[in-house]
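A short worksheet on the structure shown next.
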Amino acid sequence: MPLTRKAYRAAILHSIADPAEVGIEASYEYFEDGLLVVENGRIGALGHASELLPGLPAGVQVEHYPDALITPGFIDTHIHLPQTGMVGAYGEQLLDWLNTYTFPCESQFADPDHANEVADIFIKELLRNGTTTALVFGSVHPQSVNAFFAAAEKLDLRMIAGKVMMDRNAPDYLTDTAESGYQESKALIERWHGKGRLHYAVTPRFAPTSTPEQLTLAGQLLTEYPDLYMQTHISENLQEIQWVKELFPERKGYLDVYDHYQLLGERSVFAHGVHLCDDECARLAETGSAVAFCPTSNFFLGSGLFNLPMAEKHKLNVGLGTDVGGGTSFSLLQTLNEAYKVMQLQGARLSPFKSLYLATLGGARALRLEDKIGTLHPGTDADFLVLDYHATPLLSYRLKQANSIAETLFVLMTLGDDRTVLQTFAAGQQVHQR
Ligand code: GUN
Ligand code: ZN
């Protein structure tokens, strides 16, 4: 294959470590006038424009953005494809919200045409918001995952998804069985896992909607295939936690249910974890599991405040999740805006560099993909964004008052949203232009 090479000149910023581990100053690299060289879908070089431009071979095209910031693509570690059509559903908390809005909406995915239509809308929305990798819940129907992966494959996106497994405590029209859930998941794994940049996630919805038999078979799938992901929900809502205690009285607590069925591990991501206790955080960290912090959803469904400092104390991997449609925005910038407020309400701070970490490298680490995505290090996938300093009149005016990259970054996260994302690139190809 002939070498294709292109360069992008702008202010460039990426997170290179967790500020909680190395301090803020050592956690990022910033090039005020930087150059990003992309070669065959990967990052070829990153540095100061003044240092790299002289060595660039003649004929390499350089795109110049004098008023923009290049960052890695954002990583959403928890979102639901079949809830795209029900964002902003009024009035309920988790369990009533599921029964009133979620299950009827997800039932529409029995129709493959509907699945294809929504998969296209969903992927466009991810890319419009600068999300280049997501860990995605399908519906119980395999066609939801086929539709999603087929659309993602066309654009060579790095995506992870799985069909929901649920064989009890949901309407008949939306349940599988322990056996059919296992077989359908297996067929999807054979078809998609490891194809291009796609990965499969075994997806028991949450403990209340799976029988012990189904949880056993979910654990079995994880042992049958290497590098599979596992995604589910945990300790989001107090009524939910009480229900899990009633359904699994023999287990120590909610996490212990998943632990018993061998669902913890380095590629396991647990959404929410709002009410996790100290011991549960320790066990999650010990097994290399990750938690998806979903602030817009936790506010919208009245679930509570995620305790990020406790997770940090245990060195637990944390990524950010939009949790659409419990969450109210596809934008990880808006998700960070809400995450900041979650910390404020607990008397803590979320620095803009920790926020950048959570949306990029932290998400990549939660997914064990930090050698491929989440930074702009040479050799990694060229999944990156161009963020426009003049996206709105207010942003433009406010950024004129900013005196540092820290302030610029914080304002981008407070005022920014989909309008801020001028272009999105995946594997070096432009996949969105505002
Ligand atoms: N717990 C079980 N299912 C769901 C879901 O679809 N959304 C959220 N937020 N929590 C859940
Ligand atoms: Zn969810």
Side-chain angles (χ1 to χ4, degrees), residues 76-109 118 122 131 134-141 144-145 160-171 174-176 181 201-210 214-215 218 229-244 247 254-255 257-258 263 268-276 290-306 319-330 332 335 338 366:
D76 186 343
T77 60
H78 184 65
I79 187 165
H80 297 256
L81 159 72
Q83 297 175 15
T84 306
M86 54 159 290
V87 179
Y90 176 77
E92 307 297 349
Q93 293 212 352
L94 178 64
L95 300 179
D96 293 324
W97 173 84
L98 284 172
N99 286 315
T100 310
Y101 298 111
T102 314
F103 293 152
C105 185
E106 293 196 3
S107 75
Q108 296 173 281
F109 283 72
V118 179
F122 179 82
T131 298
L135 174 57
V136 179
F137 268 62
S139 68
V140 75
H141 317 93
S144 65
V145 173
I160 312 168
K163 142 202 151 63
V164 158
M165 304 168 85
M166 56 175 172
D167 66 344
R168 65 167 170 175
N169 291 322
L174 211 57
T175 47
D176 53 12
V202 174
T203 308
R205 177 170 217 121
F206 68 155
T209 49
S210 287
Q214 181 159 69
L215 293 174
Y229 289 86
M230 196 293 301
Q231 58 177 344
T232 190
H233 297 90
I234 193 165
S235 295
E236 175 178 3
N237 168 288
L238 296 174
Q239 274 182 308
E240 169 210 15
I241 295 167
Q242 186 53 37
W243 194 22
V244 172
L247 290 167
Y254 200 158
L255 183 70
V257 175
Y258 295 134
L263 298 175
S268 296
V269 178
F270 295 86
H272 304 285
V274 170
H275 305 286
L276 288 170
V291 170
F293 172 22
C294 305
T296 76
S297 170
N298 296 339
F299 277 136
F300 187 72
L301 295 178
S303 302
L305 304 175
F306 179 68
L320 272 184
T322 60
D323 193 33
V324 160
T328 48
S329 174
F330 276 79
L332 283 176
T335 303
E338 300 306 303

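Counting starts at 1 for both ligands and their atoms, following the listed order.
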Heteroatoms of the protein, restricted to N/O/S, which lie under 2.8 Å from the Zn ion (ligand 2):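 Only His78 NE2, His80 NE2, His233 NE2, Asp323 OD1 fall inside 2.8 Å of the Zn ion (ligand 2).
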
Could you go through ligand 1 and note, for every N or O atom, any protein N or O atom closer than 3.5 angstrom, writing the atom names and distance to 0.1 Å, or 'none'?
residue	atom	partner	partner atom	Å
ligand 1	3 (N)	Arg205	NE	2.8
ligand 1	6 (O)	Gln83	NE2	2.8
ligand 1	6 (O)	Arg205	NH2	2.7
ligand 1	9 (N)	Glu236	OE2	2.9
ligand 1	9 (N)	His272	NE2	3.4
ligand 1	9 (N)	Asp323	OD2	2.8
ligand 1	10 (N)	Glu236	OE1	2.7
ligand 1	10 (N)	Glu236	OE2	3.4

Any side-chain heavy-atom pair from Phe206 and Val244 closer than 4.5 angstrom?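 With C-beta onward as the side chain, the pair stays apart.
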
Let me see the working for Thr175 and Val140 under side-chain contact (heavy atoms from CB on, under 4.5 Å), right down to the final yes or no. CA-CA 7 Å; Thr175 47; Val140 75; 5.9 Å; no

Do side-chain atoms of [X] reach the backbone of [Y] as a donor and acceptor pair under 3.5 angstrom?
{"X": "Thr209", "Y": "Arg168", "result": "no"}
{"X": "Thr203", "Y": "Phe137", "result": "no"}
{"X": "Tyr258", "Y": "Ala207", "result": "yes"}
{"X": "Thr335", "Y": "Thr322", "result": "no"}
{"X": "Ser144", "Y": "Ser139", "result": "yes"}

Using the six-membered ring wherever Trp is involved, compare the ring planes of His272 and His233 and label them parallel, tilted or perpendicular (cut-offs 30° and 60°). parallel

If you measure only the distance, is there a donor-acceptor pair under 3.5 Å linking the side chains of Gln214 and Asp176?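 Looking only at side-chain atoms, Asp176 and Gln214 do form a donor-acceptor pair, the distance falling under 3.5 Å.
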
